[in-house]
Asks: 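Before I ask anything, here is the structure I am working with.
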Amino acid sequence: MDYIYDDQNIFAKILRGELPCNKVHETEHSLAFADIAPKAPHHVLVIPKGPYVSYDHFARAASEAEILDYTRAVGEGIAKLGVGPGDGGNGYRVISNSGSDGVQEVPHLHVHILAGRNIGPLVVNQP
Ligand code: 5GP
């Protein structure tokens with residue numbers, strides 16, 4: 001494993017309190033906050049507090065406590081939006097972009113929770 005984490009990325013600055021965010025949920029190892037440029041009526045980002053570049057980095061290197069905390073934090077973020085089928089909601093999409101092919105803009109692991117309308121096809125372009 002050879003992941004290089006840039007601690008000057010925007011989400012690292014949010015975690016250090018150097019930039020503001022609209023917090024949705026916070027736990028020991030995770031933070032959920034509103035996306036600054038929402039692509040849907042509900043657009044929440046969930047990040048681990050640890051220095052992980054991408055989903056695969058986190059899944060391979062994080063502790064079990066971090067992985068459990070993060071998984072629950074994503075669930076709590078969805079629950080707070082009230083969009084889960086178990087809460088009578090119409091659903092949501094969770095996605096995580098990684099690297100250049102994944103079109104990742106911020107190199108700190110985040111999942112997007114998108115909800116509040118039909119989110120449309122998974123990808124627009126064909127293979
Ligand atoms: P990516 O393309 O890396 O998957 O998504 C990065 C997301 O971070 C984008 O949806 C973008 O709008 C969001 N974003 C970029 N800068 C900021 C910021 O300073 N604050 C917040 N809350 N979101 C940001």
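First listed ligand is number 1; within each ligand, the first listed atom is number 1.
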Asks: Can you name the nearest heavy-atom pair linking L109 to S96, along with the distance?
Replies: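 So the two residues come closest at CD1-OG, 3.6 Å.
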Asks: Measure centre to centre between the rings of F11 and F33, then say whether the value is under 6.0 Å.
Replies: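 F11 vs F33: aromatic centres under 6.0 Å.
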Asks: Which of the atoms in ligand 1, numbered in the order shown and given with their element, are less than 4.0 Å from a heavy-atom of Q104?
Replies: 3 (O)
Asks: State whether the side chain of K39 and the backbone N or O of I119 hold a donor-acceptor pair below 3.5 Å, judged by distance alone.
Replies: no
Asks: Does K13 reach ligand 1, in the sense of a heavy atom lying below 4.0 Å from it?
Replies: no
Asks: Give me the nearest non-hydrogen protein atom to atom 8 (O) of ligand 1 as residue plus atom name, then the distance to 0.1 Å.
Replies: F11 CZ, 3.4 Å
Asks: Taking distance alone, with no angle check, do N97 and ligand 1 share an N/O pair under 3.5 Å?
Replies: yes
Asks: Could you establish whether L19 and ligand 1 come within less than 4.0 Å of each other, counting only heavy atoms on the residue side?
Replies: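 No heavy atom of L19 comes that close to ligand 1.
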Asks: Report, in ascending order of atom number, the atoms of ligand 1 lying under 4.0 Å from any heavy atom of V103.
Replies: 2 (O)
Asks: In sequence, state the C-alpha distance, the side-chain angles, and the governing distance for Y92 and H42, and then conclude on ring-ring contact (aromatic ring centres under 6.0 Å, His included).
Replies: CA-CA 9 Å; Y92 56 88; H42 299 299; over 10 Å; no
Asks: For residues V106 and L45: do they belong to one hydrophobic cluster (side chain heavy atoms under 4.5 Å, members Ile, Leu, Val, Met, Phe, Trp, Tyr)?
Replies: yes
Asks: Distance under 4.0 Å to a non-hydrogen atom of A37: what atoms of ligand 1 satisfy this?
Replies: 12 (O)
Asks: Can N22 be said to touch ligand 1, with heavy atoms closer than 4.0 Å?
Replies: no
Asks: Any idea which of D35, I36, I47 brings a heavy atom closest to atom 24 (C) of ligand 1?
Replies: I36
Asks: Among all protein heavy atoms, pick the one closest to atom 18 (C) of ligand 1 and tell me residue, atom and distance.
Replies: I10 CG2, 3.7 Å
Asks: Just need the protein heavy atom nearest to atom 1 (P) of ligand 1, so name the residue and atom and give the distance.
Replies: H110 NE2, 3.1 Å
Asks: If you measure from atom 22 (N) of ligand 1 to every heavy atom of A34, C21, G102, which option wins on shortest distance?
Replies: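 Among A34, C21, G102, the closest heavy atom to atom 22 (N) of ligand 1 belongs to A34.
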Asks: Parallel, tilted or perpendicular, judged at 30° and 60°: which one describes the rings of H112 and H43?
Replies: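 Rings of H112 and H43: tilted, as their planes differ by 30° to 60°.
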Asks: Please work out which of H108, H112, E105 has its closest non-hydrogen atom nearest to atom 3 (O) of ligand 1.
Replies: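 Residue with the shortest heavy-atom distance to the ligand atom: E105.
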Asks: Let me know which of V44, D87, I113 forms a side-chain contact (heavy atoms from CB on, under 4.5 Å) with I78.
Replies: I113
Asks: Counting from 1, what ligand 1 atoms have a heavy atom of K39 closer than 4.0 Å?
Replies: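 That gives atoms 10 (O), 12 (O) of ligand 1.
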Asks: Check the hydrophobic clustering (I, L, V, M, F, W, Y; side-chain heavy atoms under 4.5 Å; chains of links allowed) and say if I47 and V74 are grouped together.
Replies: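 Different clusters.
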Asks: So does Y5 have more than 12 non-hydrogen atoms from other groups sitting under 6.0 Å from OH?
Replies: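 Check passes, neighbour count above 12.
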